[in-house]
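Here's the structure we're looking at; comments come further down.
The basis for the numbers below is simple: all heavy atoms, side chains too, and nothing from hydrogens, waters or symmetry mates.
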Amino acid sequence: MSHSYRHVRFPESGERITVVDGRLHVPDEPIVGFVEGDGIGPDITRACLRVWDAAVAKAYGGKRKIHWCETYLGEKAAGIYDGSYFPDETLEALRELIVSIKGPLTTPVGGGFRSLNVAVRQELDLYACVRPVRHYAGVPSPLKRPDQVDVVIFRENTEDVYAGIEYKSGTPENEKLAKFLREEMGAKFFEGAGLGIKPISEFGSKRLVRKAIQYAVDNGRESVTLVHKGNIQKFTEGAFRNWGYELAREEFANVTITEEQLYGEFKGKQPEGKIVIKDRIADIIFQMMQLRPAEFDVLATPNLNGDYLSDAVAAEVGGVGIAPGANIGDHIAVFEATHGTAPKYANMNKVNPGSLLFSGVMMLEYMGWKEAADIITLTYPEVIKDGIVTYDFARQIDGATEVGTSQFADAIIERINGGVDLEAKRRALQEQLVKERKQREIRRLLQPLEEMIDTGRIPHTVRDLMTHTLITVADSETVHDAMHLMADNEVSSLVVERNAQGQWGILTRRDIVTKIVKANRSPMTTKVGDIASRPVKSVPADTPIREAAEILSELNFSRLTVSQGDDLIGIVTETDIFRAVEKFGWAGEEVA
């Protein structure tokens, strides 16, 4: 351990957390960093340190213990580092410790920082802001069924408008950029506009999505949803979506399927051990997180959308006062309270420590100490159920006993030591999860189109619309038999098997009307091969719907076959596209 620090003092005992073969190696007595924070930071940090220690002691019977190392940011740092709110040695310590947790921080006015939190993220390249949002029984919520909310939001932390590339109206830099955009790039916008650049890269998008999918794999989650505004911002947020799907195909093909595959290949039944990768437009996900929150599991989103979304969803289950968060890089992780410093309550032993407490739960899970994490997660609702709460919940719960921050920690520790049947609670949660997943699967199997609509899925490609069950007929069969096949299956066309030249064909009702009835031929003696249309026009399953409509129009066809490699997997017709427009509307590509 380094000894060149001015004020950071590493504990005499304990071992460093290290990275071995690309994975975190956590000893039984690790050294973990903490930043007390400003305002209410000292109150909640003191309380949480006691709870985390109690949970670790209970879970491992004294075989494991965290050795805490205090590091300094914000006002406390300024007091001992000659006015510096952001000392270099703290950054170095956070790098060296690998795992740390911090209370809320005040950003100094005129201190050269947009935000101390943003500065930490950027300096340590903590590119994933991870925000789990779930409801704890007894916590006041505006939703009828808050228990259905259980998502983990992975928000990209380094790009998007948060990259801070902005040019103030009226400055020479702004005028130079405005001139370039107008004269060289043909852009149109109002005079005197402030200008901001929104970079979203393949590298940044893929490493964020990689972390989200890996989390889903490691934690037995059901799906990862890419959240974007790609219908408008095609080359930034739309690219984020596309790169996300690409990453899933490239690196997680053996454990992921797309939502198209779920409905198409698997008829709505999710294969064992597979995670569904899907996407939703940002405004739709805000609606869905209120109307159908149980449909969503892990969300991966660019920076700005993730900022709005994580706070909005937290409000559904008790507010940011108990919402945990973390900023994670490839290995370095800084867990944090997601709320502000609330200076008017500083040193009053009054506020809810929930946000920091559950950030510590995330930290324990990140360290692989799930047993200790579970003890807090499963004990907390018992204390709430007893009506022992801080002032923010006391005013919303009838008959509650209002306690201070440290007394609330005492109540949790008492419960931890008093014993809770954790195994029974874990089992009950798992059984409930399995039951809910089965119910969703049954709905997808019985009414796939309605489920797509109800869960905010908008068809993008021909795979979403096509008829999946192909009914085939051979050239050698009679048209009469083919007609019966159409009638029995209530279809308007049949796929005709490959001929000697390897060409697929199609036989439609129109073929029968024009080539049999109009031509006065007998369906009993005419063979399918004599009137089938060849060659068929086939498009890949991921062809956009608008592109398929253009092809149908140009060729004056009423249907296309849909291919995957050399195989035909479906048919899409003008009627399918018409029904989709009728059901989902057609906003066009330039409309929100």
Side chains of [X] and [Y] only: does a donor on one sit below 3.5 Å from an acceptor on the other?
X    : Y    : answer
D279 : H228 : yes
N157 : N327 : yes
E246 : N242 : no
E156 : T158 : yes
D43  : Y345 : no
S201 : E159 : yes
N174 : T171 : no

Could you give me the CA-CA distance, side-chain angles and deciding distance for L97 and F10, then say whether side-chain contact (heavy atoms from CB on, under 4.5 Å) is met? CA-CA 10 Å; L97 290 161; F10 290 103; 3.6 Å; yes
For the residue pair [X] and [Y], what are the closest heavy atoms and their distance?
X    : Y    : value
G354 : N352 : N-OD1, 2.8 Å
V8   : C69  : CG1-SG, 3.8 Å
I44  : H339 : CD1-CE1, 3.8 Å
T106 : L116 : O-CD1, 3.2 Å

Between [X] and [Y], is any pair of side-chain heavy atoms under 4.5 Å apart?
X    : Y    : result
L73  : V120 : yes
N117 : L105 : yes
L552 : I577 : yes
I571 : V562 : no
F154 : L299 : no
V227 : R241 : no
Y5   : E92  : yes
T256 : K274 : no

State the [atom1]-[atom2] distance between [X] and [Y], to the nearest 0.5 angstrom.
X    : Y    : atom1 : atom2 : answer
M362 : F335 : CE    : CZ    : 5.5 Å
N556 : I551 : CG    : CD1   : 14.0 Å
I332 : E123 : CD1   : CD    : 11.5 Å
F190 : S169 : CZ    : OG    : 13.5 Å
N219 : I275 : CG    : CD1   : 9.5 Å
L568 : S563 : CG    : OG    : 6.5 Å

Run the salt-bridge test on [X] and [Y] with the 4.0 Å N-O cut-off and return the result as yes or no.
X    : Y    : value
K102 : E336 : yes
E295 : R292 : yes
R280 : E259 : yes
K211 : D330 : no
R207 : D125 : yes
E237 : K198 : yes
E251 : R210 : yes
D311 : R131 : yes

Give a yes or no answer on whether the side chain of T71 reaches the backbone of G33 with a donor-acceptor pair at less than 3.5 Å.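 Such a contact is absent between T71 side chain and G33 backbone.
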Is there a donor-acceptor contact under 3.5 Å from the side chain of Q270 to the main chain of E222? yes
Would the F86 and Y81 ring centres measure less than 6.0 Å apart?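 No: the rings miss the under 6.0 Å criterion.
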Please lay out, stage by stage, how E574 and R559 fare under the test salt bridge (Lys or Arg N to Asp or Glu O under 4.0 Å). CA-CA 6 Å; E574 285 178 332; R559 71 203 69 229; over 6 Å; no
Would R155 pass as a cation-pi partner of Y162, given that its NZ or CZ must be under 6.0 Å from the six-membered ring centre and within 45 degrees of the axis?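 Positive - R155 is close enough to the ring of Y162 and near enough to its axis.
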Looking at F240, does the NZ or CZ of K206 lie under 6.0 angstrom from its six-membered ring centre and within 45 degrees of the ring axis? no
Return yes when atom CG of D88 has more than 12 non-hydrogen atoms of other residues, nucleotides or ligands closer than 6.0 Å, and no otherwise. no
Is it true that, when you exclude K537 itself, more than 12 heavy atoms of the residues, nucleotides or ligands shown sit nearer than 6.0 Å to its NZ? no
